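I have placed the structure first, in the form of structure tokens, so that the comments after it can refer back to it.
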Amino acid sequence: MPEAIKGRQHDRQATGPAAATLLEARNIAKCFSHPNGTVTPAIGDIALSLAKGEFVAIVGPSGCGKTTLLRCLCGLLKPDSGTLSYAGKPVSDVPEDVAVVFQEYNRSLFPWLSVRRNVEFGLNKLSKTERRARAEEALTRVHLTDVIEHYPWQLSGGMQQRVAIARAVATQPNLLLMDEPFASVDAQTRIRLETMTASISTELGLATLLITHDIDEAVFLADRVIVLSPRPSSVLAEVVVDIPRPRTELEVKAMPRFQEYRRLIHDLIVAKQSDTPDVVDTPAPDGTEPERSP
Ligand SMILES: Nc1ncnc2c1ncn2[C@@H]1O[C@H](COP(=O)(O)OP(=O)(O)OP(=O)(O)O)[C@@H](O)[C@H]1O
């Protein structure tokens, strides 16, 4: 399916074909230096962009620098080189209208706060009434209004991740970044969370960038899938997913086109992995192993 790869403008209803660029990264690179003098090259050279309202998934082999890339894109980590812009301005800190959802919901929620208070957290510029209204609206979107006064530890993993998503949505972001958000939940819950995320993103016209290991998840959710090479990573291909919305998991996964996309992306990753030798970190003079810095 070569015509699906890079260059074709996606056509998502929420944005229209000529949607404006929201996030743009040009030639960004990132290495980590360790106290013992070794250097881990994580991102080699990445250029990508995301349009307003677009849903993009990033996939790549384990350890290729996906999380590092996400952290750079939202201003949590400074790239060593290259340029990053969000809404036309250089990124130096996390922009106000960008929200991030991480894999580890149990570390991102406050166990001593109720579900409501967790979602209201971060809305302190608003009046109490506005905070309540925002939290309730966001919790309605994730179907959690019946546990609003519960505490996170009283909820299942999938419900806790829904609270984390509600907290992100309550800030009314224009861009939602998600780093492996469904990796820690069971398969059935994962499907429900994926479907819910697709609806929220479409209904709110949210630009969404999803980091995932799961090719099926990427193809099911995204308008475009960016495939990364092993580290130091670069963009191997961009695959435009030409499947109409709304998408229903069972129907989409039964489509021959879905199978073709997943095969294409799988083959791109495997082919590149098998012809790329493992990157060895620059060794320290005394030959010690690199340590992961905090
Ligand atoms: N804070 C850090 N200090 C040192 N090295 C780091 C740090 N963060 C990441 N790395 C290294 O950078 C490389 C890329 O890591 P990263 O977590 O970004 O990859 P990933 O693709 O998200 O991994 P995974 O597939 O396991 O989720 C790895 O070799 C990792 O050990």
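In listed order, ligands and their atoms are each counted from 1. Note that the structure is a prediction, hence the values are computed from the model and not measured.
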Part of Glu180 with heavy atoms under 4.0 Å of ligand 1, whether side chain, backbone, both or neither: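 For Glu180, no heavy atom sits under 4.0 Å from ligand 1.
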Under-4.0 Å heavy-atom contact with ligand 1, by part of Thr40 that carries it: side chain
Contact summary for Pro181 and Val101, nearest pair of heavy atoms: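 Nearest pair, atom of Pro181 first, then Val101: CB-CG1, 4.2 Å.
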Heavy-atom gap Arg71 to ligand 1 smaller than 4.0 Å: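 Outside the 4.0 Å threshold, so no.
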If the cut-off is 4.0 Å to any non-hydrogen atom of [X], which atoms of ligand 1 fall inside it?
X     : result
His34 : 4 (C), 5 (N)
Ala42 : 12 (O)
Ser62 : 25 (O), 26 (O)

Intermediate values then yes/no, side-chain contact (heavy atoms from CB on, under 4.5 Å), Leu175 and Leu50: CA-CA 9 Å; Leu175 172 61; Leu50 185 72; 3.3 Å; yes
Short side-chain to backbone donor-acceptor contact, Thr21 and Ala51, under 3.5 Å: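 No; zero donor-acceptor contacts below 3.5 Å.
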Arg162 side chain to Met196 backbone, donor-acceptor under 3.5 Å: no
N/O separation below 3.5 Å, His213 to ligand 1: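 Looking only at distances, the answer is yes, because the N/O contact criterion of under 3.5 Å is met.
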Nitrogen or oxygen atoms of Phe32 and ligand 1 under 3.5 Å apart: no
Single hit among Leu193, Thr189, Ile191 for side-chain contact (heavy atoms from CB on, under 4.5 Å) with Phe182: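 Looking at Leu193, Thr189, Ile191, the match for Phe182 under the side-chain contact (heavy atoms from CB on, under 4.5 Å) is Leu193.
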Candidate pair Arg190 and Asp214, rule side-chain contact (heavy atoms from CB on, under 4.5 Å), full reasoning: CA-CA 11 Å; Arg190 187 172 187 137; Asp214 186 329; 3.4 Å; yes
